[in-house]
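Note sheet for the following structure.
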Amino acid sequence: MEAKERVRELTEAINRHARSYHGLDAPTVTDEEYDGMFRELLELEERHPELVGPDSPSAKVGSAPSSGFAKVRHEVPMLSLQDVFDDRGLMAFMSRVGDALGLPGDDGVAYVVEQKIDGLSVTVEYEGGLFVRGATRGDGEVGEDVTANLRTVRDLPLRLSEGIEYLAVRCEAYMPKEGFAMANARAEAEGRPGFANPRNAAAGSLRQLDPNVTAGRDLRVLAYEIQGIRGADRPPTHHESLEALRGLGFPVIPGYAVRMGWDGVKGAVEAIRDLRDSLGHEIDGAVIKVDDMGHREALGRTSRYPKWAAAYKYPAETAKATVVGITLQVGRTGAVTPNAELSPILLAGSTVRRATLHNPEYIRAKDIRVGDVVTLRKAGDVIPEVVGVDLAMRTGAEAAFEMPEVCPECGSRLERDADGPIHRCVGEGCPARLSRRLAHFVSRDAMDIAGMGPAISGMLIDAGFIDSPDDIYLLRGRRGEMIGLPGLGERSVDAILGSVEGSRSAGLDRVLFAMGIRHVGAIASKAIAARFGSLEAAMGASAEELLDIGGIGEATVSSFMRGVADADIGGMMRRLASYGLGSAAPGSGARETAGPGDAVAAAVGGGRAAGKTFAFTGTLRSMTRDAARGMVEEAGGSVAERVGKATDYLVAGEGAGGKLAKAAEMGVNVLGEDGFLALLGLAGGNGGERPPAGADAPSGDLGPDGGDGAEGKYRQLTLG
Ligand code: IVH
């Protein structure tokens with residue numbers, strides 16, 4: 001087929017799939033197929049730049065970072081909303097509306113009640129059905145042009161199903177809870193501070209100078225208002241506008257209700273509140289809007305907000321707990337993070353036992369002491385945050401925190417970062433750092449080695465078999481010694497060794513990512529791998545050559561250079577190159593073909609999940625998500641991020657999200673945690689508790705899951 005035709009075909013298919021996934025519900029292709037098409041399109045466009053169409057989903061991905069955002073004057077001002085905080089406020093709003101319209105009765109005016117999505121407002125504009133511009137709200141009159149970044153948002157249609165002359169749509173840009181947890185896990189893996197909540201994460205991702213960074217984040221949009229339209233009639237009611245937007249290909253605010261009268265409106269506001277914890281995204285209230293456009297016009301606006309709408313704000317969920325201790329945790333990059341150990345408290349649907357205190361300066365600024373009663377708030381439903389100390393509860397017996405000068409794990413000196421308040425352990429042989437580096441090295445996005453859970457890794461480190469993560473490639477010479485370690489038999493040792501061997505074919509990008517160099521995450525690793533092709537070549541790259549790649553900034557480049565020069569990391573890279581790793585093409589190995597995990601599944605022999613696809617939602621009691629994923633993969637199954645036609649089972653934990661409704665709709669089998677374990681033949685496990693809230697979700701594959709139930713599950717499974 002001609003390149004031109006293929007580019008057109010791929011562009012249309014990708015735009016259509018993106019639309020059908022978000023706008024019409026059911027995903028029509030798997031993530032892999034989608035990514036495959038995207039990759040093919042990028043390659044074709046690189047070879048034939050003249051074929052890049054105005055609606056190409058790639059349009060701005062890969063372009064150089066811009067130096068700032070241009071200002072855009074909004075054609076129609078982007079107004080705010082009047083807030084109400086309780087039933088009285090809502091009743092007052094409704095009677096103002098009824099009186100102004102001369103329809104004072106209880107059922108004269110129809111309202112639409114919608115979720116108030118906790119993100120940031122953007123206006124997207126289309127000419128002739130093509131996306132031409134997107135801007136943030138700014139001060140309501142003038143915003144910032146974020147067109148390039150919005151183009152990378154997968155569910156924003158770039159071409160509408162109809163070529164209307166002009167259309168401006170107001171949307172909320174937001175990040176789903178899961179995407180937020182992933183972004184923070186990645187930030188941690190790359191040694192960057194995470195985001196406080198999904199709203200900040202969405203804002204930070206959208207206002208990125210480099211669209212490549214935005215493209216790597218799970219940023220989405222939901223449409224809720226037509227701001228302007230030419231060349232077609234504006235629908236006469238709001239609910240018809242929403243349906244028209246859906247028909248054009250927009251993801252539209254889900255589950256809105258059309259109601260009349262006090263009971264109806266109030267019931268809808270309460271129904272949304274009750275959904276709050278189970279949704280896949282954050283909401284901070286409900287929006288109540290007059291449905292009829294004629295009524296809206298008659299009501300008018302103030303300088304700041306329309307008189308036809310109000311936001312009913314829900315209070316943020318908070319709780320009080322006592323700080324029973326402040327502990328320190330040593331991360332992979334040596335960062336030593338203080339955590340508050342709390343008296344267990346139920347907050348927004350889960351038990352919180354721990355909250356991050358970030359760094360000593362944060363503790364000092366809030367004057368948090370051991371023994372204090374503190375107010376906690378769940379930021380983004382996942383990380384509990386200490387809002388403040390209840391000073392009235394102080395007895396004088398509270399103890400102030402002092403950051404130690406040496407690492408709590410190895411006694412080496414701690415050094416404060418020159419560019420921030422983070423303290424790091426400088427000890428090269430710090431066992432805490434080694435176990436975190438190893439956990440990162442074997443993790444799914446890195447070398448993807450199954451069967452190396454925290455218990456086994458810890459044992460191999462303690463036994464002196466592993467001094468540096470790359471030592472796992474020497475393990476095959478110690479097979480005899482490994483068999484006979486507590487709990488390791490011949491079969492499980494061979495399963496681990498098989499998985500290690502399988503990882504030798506992992507692509508260079510994975511090997512680079514596995515080095516755990518600060519700032520060098522999955523995206524930078526892919527870019528470096530694509531440019532240099534081999535570990536040796538990448539190690540020999542100059543700063544100029546690295547900067548020349550485009551899309552990776554100076555901080556990443558200098559961090560990469562420091563990594564190569566570092567005795568530990570550079571040494572590991574040289575040894576890996578000498579073992580022949582890092583010569584496979586980027587993206588190969590692990591996930592695509594028969595991966596290392598398969599070796600383990602085969603060795604375990606059970607393959608109870610062979611060929612089955614699982615998805616997860618909510619928080620699991622006895623294991624981390626990653627441990628669950630490992631268990632599925634070890635049993636021969638695979639895990640998908642989303643519920644789709646190909647999903648065999650949805651495993652639902654506490655606070656299950658929107659996936660649950662989707663599964664019900666699509667007839668996907670739903671399993672509870674016990675059912676899941678039973679299916680894998682692991683029922684009646686050790687019933688281990690999940691790690692403290694706040695330590696689990698956001699830290700992802702690097703989570704401090706040592707010692708939790710997952711470890712026991714890991715061992716059982718590996719032993720078959
Ligand atoms: S309507 C003139 N609908 O809430 C129309 N806003 O507090 C005004 N928001 O800036 C906005 N969900 O960013 C509307 N369903 C929804 C919304 C929504 C979230 C945000 C929006 C706005 C802010 C006002």
Separation of Glu282 CD from Asp277 CG (nearest 0.5 Å): 9.0 Å
Backbone of Ala446 reached by a side-chain donor or acceptor of Arg510 within 3.5 Å: yes
Verdict with reasoning, Glu178 to Arg642, per salt bridge (charged side-chain N to carboxylate O under 4.0 Å, His left out): CA-CA 11 Å; Glu178 254 184 56; Arg642 310 191 304 223; over 6 Å; no
Rounded distance (nearest 0.5 Å) linking atom CD of Glu641 with atom CE of Met182: 5.5 Å
Glu141 versus Pro77, closest heavy-atom pair with distance: OE2-CB, 4.1 Å
Donor + acceptor pair across side chains of Ser443, Asp445 (<3.5 Å): no
Results of side-chain hydrogen bond (donor to acceptor under 3.5 Å, both in side chains) for Glu545 - residues two or more places apart only: Ser542
Check ion pair Glu172-Arg199 (N to O, under 4.0 angstrom): no
Partner residues of His281 under the ring pair (Phe, Tyr, Trp, His ring centres under 6.0 Å) criterion, sequence neighbours left out: Tyr174
Distance in Å, Leu219 CG paired with Ser205 OG, rounded so as to fall on 0.5 Å steps: 5.5 Å
Ring center gap for Phe250 and Tyr224 short of 6.0 angstrom: no
Enclosure of Arg304 CZ (heavy-atom neighbours >12, cutoff 6.0 Å): no
Under 3.5 Å donor-acceptor, Tyr312 side chain and Val269 backbone: no
Side-chain ion pair, Glu243 and Arg246, N-O less than 4.0 Å: yes
Side chain to side chain, Leu156 and Phe131, heavy atoms closer than 4.5 Å: yes
Side chain proximity check, Ile363 to Pro338, heavy atoms < 4.5 angstrom: yes
Minimum heavy-atom distance Leu81-Ala311, with the two atoms named: CD1-CB, 4.0 Å
Backbone of Val52 reached by a side-chain donor or acceptor of Ser56 within 3.5 Å: no
Value rounded to 0.5 Å, distance of CG in Asn200 from CE in Met175: 10.5 Å
salt_bridge(Glu385, Lys366) N-O dist < 4.0 Å: no
Worked verdict on Asp118 versus Lys116 for salt bridge (charged side-chain N to carboxylate O under 4.0 Å, His left out): CA-CA 6 Å; Asp118 199 5; Lys116 185 170 187 310; over 6 Å; no
Validation row: Arg133, Val124 side chains within 4.5 angstrom (heavy atoms): no
Side chain to side chain contact (heavy atoms under 4.5 Å, CB included) assessment of Tyr126 paired with Ile164: CA-CA 8 Å; Tyr126 294 79; Ile164 298 173; over 6 Å; no
Closest non-hydrogen atom pair, Leu546 against Ala541: CG-CB, 3.9 Å
Side chain to side chain, Ile549 and Ile528, heavy atoms closer than 4.5 Å: yes
Residues, nucleotides or ligands: over 12 heavy atoms within 6.0 Å of Gln227 CD: yes
Pairing of Glu415 and Arg424 as salt bridge, 4.0 angstrom limit: no
Gap between atom CD of Glu40 and atom CG of Leu44 - 0.5 Å precision: 5.5 Å
Backbone of Arg137 reached by a side-chain donor or acceptor of His74 within 3.5 Å: yes
Set of side chain to side chain contact (heavy atoms under 4.5 Å, CB included) partners for Ala244, sequence neighbours left out: Pro235
Side chain proximity check, Arg296 to Pro306, heavy atoms < 4.5 angstrom: no
Nearest non-hydrogen partners of Gln115 and Ile253, listed with the distance: O-CD1, 3.6 Å
Test item: Ser121 and Arg170 side chains (from C-beta on) under 4.5 Å apart, heavy atoms: yes
CD1-CD distance between Ile283 and Glu114, expressed to the nearest 0.5 angstrom: 12.0 Å
Intermediate values then yes/no, side chain to side chain contact (heavy atoms under 4.5 Å, CB included), Val153 and Asp155: CA-CA 6 Å; Val153 172; Asp155 59 0; 3.3 Å; yes
Considering all heavy atoms, the nearest Leu206-Ala173 contact: CD2-CB, 4.3 Å
Minimum side-chain heavy-atom gap Leu79-Arg301 below 4.5 Å: yes
Glu225/Lys289 salt bridge by N-O under 4.0 Å criterion: yes
Side chain to side chain contact (heavy atoms under 4.5 Å, CB included) evaluation trace for Ile272 with Arg276: CA-CA 6 Å; Ile272 290 176; Arg276 188 175 186 182; over 6 Å; no
Salt bridge present between Arg518 and Asp417 (N-O < 4.0 angstrom): yes
Plane angle bin for His358 and Tyr362 - parallel if under 30°, tilted between 30 and 60°, otherwise perpendicular: perpendicular
Electrostatic pair Lys313:Asp83 at N-O distance under 4.0 angstrom: yes
Check: Asn149 side chain, Gln208 main-chain N or O, donor-acceptor pair, under 3.5 Å: yes
Close side-chain approach of Thr556 and Ser559, heavy atoms under 4.5 Å: no
Close aromatic pair by centroid cut-off 6.0 Å: Phe513 and His440: yes
Audit row: Arg207, Thr136, side chain to side chain donor-acceptor pair (under 3.5 Å) steps and yes/no: CA-CA 9 Å; Arg207 298 191 67 261; Thr136 61; 5.6 Å; no
Contact summary for Pro384 and Ala355, nearest pair of heavy atoms: O-CB, 3.7 Å
Val386/Leu357 under side chain to side chain contact (heavy atoms under 4.5 Å, CB included): CA gap, chis, key distance, verdict: CA-CA 8 Å; Val386 176; Leu357 296 175; 3.9 Å; yes
